Amino acid sequence: MKRITWGTAVSTAILAVTIFASAPVRAQPLKTSGTITVSLSSGRMAGKICLADRAAGFREAFSLNAGLNVAKITDEAGKAVEFDGWYDPGVDGEARVYNLKTGSSTVCIDYVGAFPVYPAHDAPLDFKGVIAFNGDSVRATEQSAWLPLPFDPKNKVRQDVTSMT
């Protein structure tokens with residue numbers, strides 16, 4: 001398994017975060033930190049990502065790819081945060097919307113998932129929103145929601161301008 005940290009992810013361009021045109025622009029980017037572990041041979045992806053300084057309208061929920069399962073969520077003190085999203089979840093494109101039971105400005109999300117590994121150019125229904133593995137590489141775009149992003153349930157937009165540390 002290859003462990004990808006933010007610096008490696010940015011320099012190798014394996015995973016990228018881009019700006020959604022539909023989301024409001026913030027003066028200060030969302031602060032994210034953590035690690036993502038990816039197995040190119042098995043299609044497994046696991047992350048422990050902390051989202052800090054979430055804007056007030058984006059503290060109630062976050063979106064994450066429907067193929068990734070949340071193991072636990074904690075606040076900045078390491079205390080467990082209750083959440084909904086397993087049953088009758090909200091949907092944001094390819095992502096499931098999780099609702100948080102806290103207004104904390106910082107949350108850390110542990111998640112894991114696995115995706116099929118297809119031979120090169122052989123995935124059925126392949127499009128930008130799919131997290132795609134071919135044994136040699138992984139493609140995950142902003143549309144595929146591989147990174148948990150705060151979600152504003154009232155305006156139905158993601159807080160997506162991020163600063164990775």
Side-chain angles (χ1 to χ4, degrees), residues 1-12 14-39 43-115 129 131 138 140-165:
M1 242 193 269
K2 180 176 173 99
R3 184 177 201 106
I4 299 175
T5 61
W6 291 126
T8 305
V10 171
S11 65
T12 61
I14 290 176
L15 301 172
V17 174
T18 60
I19 298 171
F20 292 31
S22 63
V25 177
R26 287 179 30 122
Q28 293 295 319
L30 170 70
K31 294 178 186 173
T32 60
S33 61
T35 59
I36 296 176
T37 305
V38 173
S39 171
R44 185 175 190 277
M45 179 181 283
K48 180 171 184 155
I49 304 297
C50 293
L51 309 172
D53 297 332
R54 295 177 301 143
F58 293 88
R59 292 184 184 179
E60 299 172 17
F62 68 90
S63 62
L64 183 64
N65 187 282
L68 298 168
N69 299 297
V70 174
K72 72 177 179 177
I73 302 174
T74 56
D75 64 13
E76 60 272 7
K79 182 180 172 190
V81 172
E82 290 184 52
F83 63 96
D84 291 331
W86 295 109
Y87 302 104
D88 194 23
V91 177
D92 176 39
E94 293 70 36
R96 177 177 286 143
V97 175
Y98 291 89
N99 296 301
L100 302 171
K101 305 284 184 164
T102 181
S104 174
S105 69
T106 300
V107 292
C108 296
I109 303 152
D110 289 17
Y111 61 95
V112 66
F115 301 89
I131 296 176
V138 58
T141 69
E142 83 289 348
Q143 183 178 334
S144 64
W146 59 272
L147 179 72
L149 291 173
F151 185 77
D152 177 350
K154 292 176 186 163
N155 295 310
K156 304 224 182 279
V157 294
R158 298 175 190 173
Q159 179 183 352
D160 58 359
V161 179
T162 185
S163 168
M164 298 179 280
T165 58

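The structure displayed is predicted, hence computed values, not measured ones. The first residue in the sequence is number 1, and the count goes up from there.
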Check the pair Trp146 / Ile36 against side-chain contact (heavy atoms from CB on, under 4.5 Å), numbers first and verdict last.
CA-CA 10 Å; Trp146 59 272; Ile36 296 176; 2.9 Å; yes

**Asked** Yes or no on side-chain contact (heavy atoms from CB on, under 4.5 Å) for Ile49 and Phe62, after CA distance, side-chain angles and deciding distance?
**Response** CA-CA 12 Å; Ile49 304 297; Phe62 68 90; over 6 Å; no

Report task. Go through Leu100 and Arg59 one step at a time and tell me if the side-chain contact (heavy atoms from CB on, under 4.5 Å) criterion holds. Result -> CA-CA 8 Å; Leu100 302 171; Arg59 292 184 184 179; over 6 Å; no

- Message: Apply side-chain contact (heavy atoms from CB on, under 4.5 Å) to residues Phe58 and Val157 and explain how you reach the verdict.
- Response: CA-CA 9 Å; Phe58 293 88; Val157 294; 4.1 Å; yes

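Tyr98 approaches Leu68 most closely through the heavy-atom pair OH-O, 3.8 Å. Considering all non-hydrogen atoms of both residues, Phe83 and Val70 come closest at CZ-CG1, 3.7 Å. The nearest pair of heavy atoms linking Asn99 to Ala61 is OD1-CB, 3.6 Å. Here the shortest heavy-atom pairing between Ser144 and Thr141 reads OG-O, 2.7 Å. Of all heavy-atom pairs spanning Thr74 and Val81, the tightest one is C-CG2, 3.7 Å. Closest heavy-atom contact between Glu94 and Gln143: OE1-O, 3.0 Å.
The SG atom of Cys50 lies 13.0 Å from the NZ atom of Lys31; values are rounded to the nearest 0.5 Å. The distance from the SG atom of Cys108 to the CG atom of Leu51 is 7.5 Å, given to the nearest 0.5 Å. Here the CG-CD1 distance, from Leu64 to Ile109, works out to 7.0 Å after rounding to the nearest 0.5 Å.
Taking Lys72 as the reference, nothing meets the salt bridge (Lys or Arg N to Asp or Glu O under 4.0 Å) condition, with sequence neighbours excluded. Listed by chain and number, the residues in a side-chain hydrogen bond (donor to acceptor under 3.5 Å, both in side chains) with Ser63 are Arg158 (sequence neighbours excluded). For Asn155, the side-chain hydrogen bond (donor to acceptor under 3.5 Å, both in side chains) partners at least two apart in sequence or on another chain are Asp152.
With Tyr111 contributing its side chain and Met45 its backbone, the two residues share no donor-acceptor pair below 3.5 Å.
The side chain to side chain contact (heavy atoms under 4.5 Å, CB included) test with Lys48 is passed by exactly one of Val112, Thr37, Asp110: Asp110.
Contact annotation: the side chain of Arg44 never approaches that of Phe115 to less than 4.5 Å [non-hydrogen atoms, C-beta and beyond].
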